[in-house]
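A, B, ... follow the sequence lines: proteins, then strands. Residue 1 opens every chain.
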Amino acid sequence: MSKTDIGKAPANSNFIHEIIDRDLASGRYGKRVHTRFPPEPNGYLHIGHAKSIVLNFTTAVKYGGKCNLRFDDTNPEKEASEYIDSIIEDVKWLGFDWEDRLFYASDYFNKFYRYALKLIEEGKAYVDSSTPEEISRMRGTPTSPGIESSYRDRTPEENLALFEKMKNGEFNEGECVLRAKIDMKSPNLNLRDPVMYRIKKVPHPRTGNTWCIYPMYDWAHGLEDSIENITHSLCTLEFENHRPLYNWFLDQLPDIPHPRQIEFARLNLTYTVMSKRKLLKLVEEGYVSGWDDPRMPTISGLRRRGYTPSAIRKFCERIGVSKTESTIDFALLEYVLRDELNRTAQRRMAVLNPLKVTITNYPEGKEEWLDAENNPEDSSAGVRKIPFSGVLYIEQDDFLEEPPKKYFRLAPGREVRLKHAYFITCNNVIKGENGQVKELLCTYDPATRGGEAPDGRKVRGTIHWVSARHAVKTQVRLYNSLFTRENPLETEEGKDFTDYINNESLVTLKNCRIEPSLSEAKGGENYQFLRKGYFCLDNRDTNPGYPVFNRTVALRDTWARIRTNRNP
RNA sequence: UGGGACGUCGGCAAGAGGUAAGCCACCGGUUUUUGGUACCGGCAUUUCGCAGGUUCGAAUCCUGCCGUCCCAGCCA
């Protein structure tokens with residue numbers, strides 16, 4: 001799907017769209033649909049966020065509406081502009097356009113403040129001078145009601161004065177908070193006089209030292225939505241319990257728009273973790289090289305790994321939107337990716353674990369340049385020339401001295417096709433001191449140039465190769481799942497998710513050989529290394545003369561499956 | 001001894017009283033100069049968490065159970 005297709009094809013309906021359909025029919029929001037993606041800039045975006053981004057933006061497109069990008073920057077302790085920059089980059093990279101609607105909750109701090117004043121004046125909010133511990137204790141538990149603070153009955157005048165002092169920095173952090181006066185006996189803990197403002201004498205990335213009181217999520221979020229005239233505020237399931245509070249705050253301000261909050265299930269994927277806290281731990285404790293480590297489920301990690309924005313979008317549309325907590329099989333993500341790359345990625349030949357092959361009957365010093373199609377799925381991709389000579393490398397896996405049944409590749413006395421080149425037959429095996437295969441002596445059939453035998457004889461196996469003299473030495477990184485468990489959070493006694501990190505999640509091969517055309521590979525482009533998988537240049541670690549490739553995803557490997565099924 | 005939500009194939013997910021879509025995974029097979037791709041076939045019928053009930057007819061409606069998740073931040 002190209003960027004211009006966004007929102008045109010998807011539109012698999014879901015329960016949220018049904019709600020919107022009804023709102024549209026009833027004219028509830030003036031026939032408008034306006035959504036928003038509201039990240040907190042306290043970490044990097046991951047594929048779970050992509051689900052929300054895709055949902056919000058494509059929903060807007062489907063209904064001819066708009067979608068804002070809004071930073072929910074209400075907690076300067078955790079937030080940083082580094083994160084703002086990365087989030088902007090990632091949403092853009094995913095292919096979405098918020099036009100001129102990039103907003104920040106912090107831009108509304110003044111409005112929030114004035115609305116708070118209004119609630120105080122109406123006796124609906126009060127300054128509580130209890131300690132955090134007292135407030136926590138008085139909140140009660142899920143099964144027992146809370147008790148009212150002794151400060152709950154302060155007069156509006158008193159509260160106004162106190163709140164003013166809070167704003168002016170006349171109190172220390174933790175000395176007091178502004179609370180909504182709702183119901184300490186509510187079975188919903190969120191309604192037990194929730195905190196609206198707390199004191200934080202911390203500079204804010206955007207407002208600097210202007211404020212030392214910062215609004216809490218519940219107080220801020222509905223107002224942000226209302227100020228931006230959002231119609232449908234989509235969020236994840238854990239905010240379901242907050243919806244009554246979202247509505248309560250807006251009900252106290254009857255003159256401003258009141259969006260509808262709808263909750264959906266967040267994305268979980270097998271063999272990875274998705275919480276910012278856990279991803280941060282992986283980064284900080286060095287389990288991965290950074291937020292953009294290609295093993296990370298972050299947008300930046302997937303990008304570096306070679307995932308395309310369109311594959312991520314397609315994936316997000318495929319998984320559906322519901323309220324059922326679910327875990328998507330990572331294989332589905334890989335399927336969607338392969339499905340795209342198969343159609344778009346040019347083919348190249350690369351030998352990951354080289355085994356030398358000498359063609360004994362090939363004229364000394366001769367070389368020839370053969371035609372190779374760039375993509376059998378797309379003839380417009382054209383052809384390229386690849387060099388052939390008397391000394392080649394093939395994959396170590398593609399030769400077996402004692403081949404098992406159904407093994408179609410090279411073996412002593414056996415003939416195979418070198419893709420795009422010739423049939424070769426293995427005559428001799430040269431071994432090293434430890435008995436390891438060092439080199440193969442083969443003969444080629446000059447009549448099979450291009451890979452077809454004029455006498456019509458067939459070979460079962462076709463393998464890839466590179467010309468030793470022409471090949472470029474390179475590093476290839478094979479990535480596997482970050483964890484060995486489908487659900488790394490399901491831990492045994494005394495263990496945590498980091499105990500299940502897959503020590504084969506990164507396998508670095510330093511002696512690979514690629515066909516010469518690959519030395520012109522560009523970052524951000526995907527190539528299929530024939531019979532191996534899809535790879536892309538690692539822009540960060542590539543050195544002049546020594547390219548580094550990341551394996552984006554392997555090809556399906558039926559032979560590997562046969563093997564494991566045979567001896568499990 | 002609370003409140004809010006959710007239970008349809010191994011994983012997602014349609015389904016809205018008329019007799020269980022689709023996709024991934026998995027298993028067979030065909031084609032193939034990639035053991036890739038493509039294509040064909042199989043994969044929920046005493047079956048929709050369980051048990052009752054209503055109905056000519058129930059995954060859909062009613063009742064009661066069971067299971068899972070969320071909530072006691074001055075995080076979002």
Can you identify which nucleotide, out of [options], has its nearest atom closest to the [X] side chain?
X	options	answer
A/Leu555	B/U34, B/A72, B/A76	B/U34
A/Asp557	B/G35, B/A76, B/C75	B/G35
A/Ile328	B/U34, B/C74, B/C12	B/C12
A/Thr143	B/U37, B/U1, B/U34	B/U1
A/Thr462	B/C69, B/G35, B/C74	B/G35
A/Glu325	B/G35, B/C69, B/A72	B/C69
A/Asn75	B/G11, B/A76, B/G2	B/A76
A/Glu238	B/A76, B/G4, B/C74	B/A76
A/Arg139	B/G35, B/G2, B/G73	B/G73
A/Ser136	B/C75, B/G73, B/C23	B/G73

What integer number of Å spans the [atom1] atoms of [N] and [M]?
N	M	atom1	result
B/C23	B/U31	C1'	24 Å
B/A16	B/G11	P	23 Å
B/U63	B/C6	P	16 Å
B/G42	B/A5	P	41 Å
B/U37	B/G29	P	16 Å
B/U47	B/A58	C1'	12 Å
B/A20	B/G2	C1'	38 Å
B/G15	B/G7	C1'	15 Å

[X] side-chain N/O to [N] phosphate OP1/OP2 under 4.0 Å:
X	N	result
A/Arg556	B/U37	yes
A/Arg243	B/A5	no
A/Thr558	B/G36	yes
A/Arg531	B/G35	yes
A/Lys276	B/C75	no
A/Thr327	B/G11	no
A/Thr324	B/G7	yes

Confirm from the modelled atom types if [X] and [N] form a donor-acceptor pair under 3.5 Å, side chain to base only.
X	N	answer
A/Arg347	B/U34	yes
A/Gln528	B/U34	yes
A/Glu377	B/G36	yes
A/Glu334	B/A25	no
A/Asn188	B/G2	no

Once you round it to whole Å, what is the distance between [atom2] of [N] and [atom1] of [X]?
X	N	atom1	atom2	result
A/Asn526	B/G36	CG	C1'	16 Å
A/Leu191	B/C70	CG	C1'	16 Å
A/Leu332	B/C23	CG	P	12 Å
A/Arg561	B/A25	CZ	P	8 Å
A/Asp183	B/G3	CG	P	14 Å
A/His46	B/A76	NE2	C1'	12 Å
A/Asn487	B/C69	CG	P	11 Å
A/Met196	B/C74	CE	C1'	14 Å

Both distances under 3.5 Å, Watson-Crick or G-U wobble: report the partner of [N], or none.
N	result
B/U63	B/A51
B/U68	B/A5
B/G41	B/C27
B/U32	none
B/G73	none

Task: Minimum side-chain heavy-atom gap A/Tyr534-A/Asn342 below 4.5 Å - done: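 Yes, close enough: below the 4.5 Å cut-off.
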Open item on the list: Tell me whether the ring of A/Tyr217 lies stacked over the B/A76 base, given a 5.5 Å limit on centroids and a 30° limit on the plane angle.
Closed with: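 No; by the centre-distance and plane-angle rule, A/Tyr217 does not count as stacking on B/A76.
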Describe the nucleic acid contact of [X] in one word from base, sugar-phosphate, nothing, applying a heavy-atom distance below 4.0 Å.
X	result
A/Ile463	nothing
A/Phe408	base
A/Glu452	base
A/Pro39	nothing

Open item on the list: Within 45 degrees of the ring normal and closer than 6.0 Å to the centroid, is that where the cationic atom of A/Arg417 sits relative to A/Phe423?
Closed with: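 Because its charged atom misses either the 6.0 Å distance or the 45° angle limit, A/Arg417 does not stack over A/Phe423.
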So, are [X] and [Y] salt-bridged, with charged N and O less than 4.0 Å apart?
X	Y	result
A/Asp371	A/Arg449	no
A/Asp339	A/Arg343	yes
A/Asp128	A/Arg154	no

TODO: Please assess A/Phe388 against A/Val466 for the test side-chain contact (heavy atoms from CB on, under 4.5 Å), listing each intermediate value before the final yes or no.
DONE: CA-CA 7 Å; A/Phe388 186 85; A/Val466 294; over 6 Å; no
Task: Glycosidic class, syn or anti, of B/G73 using a 90° window around 0 - done: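 Syn conformation here, the glycosidic angle of B/G73 being no more than 90° from 0.
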Open item on the list: Given A/Arg531, which partner from the list A/Asp398, A/Thr462, A/Asp397 fulfils the side-chain hydrogen bond (donor to acceptor under 3.5 Å, both in side chains) test?
Closed with: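 Considering A/Asp398, A/Thr462, A/Asp397, a side-chain hydrogen bond (donor to acceptor under 3.5 Å, both in side chains) with A/Arg531 is found only for A/Asp398.
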[X] side chain vs [Y] backbone, donor-acceptor pair below 3.5 Å:
X	Y	answer
A/Asn75	A/Glu77	yes
A/Ser186	A/Leu189	no
A/Lys167	A/Ile213	no

Task: Position toward the 5' end of RNA chain B (nearest nucleotide), A/Glu240 or A/Ser130 - done: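 Looking at RNA chain B, the more 5' nearest nucleotide goes with A/Glu240.
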Open item on the list: Please compare A/Ile319 and A/Thr74 by the position of their nearest nucleotide in RNA chain B and report the one closer to 5'.
Closed with: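 The residue closer to the strand's 5' end, by nearest nucleotide, is A/Ile319.
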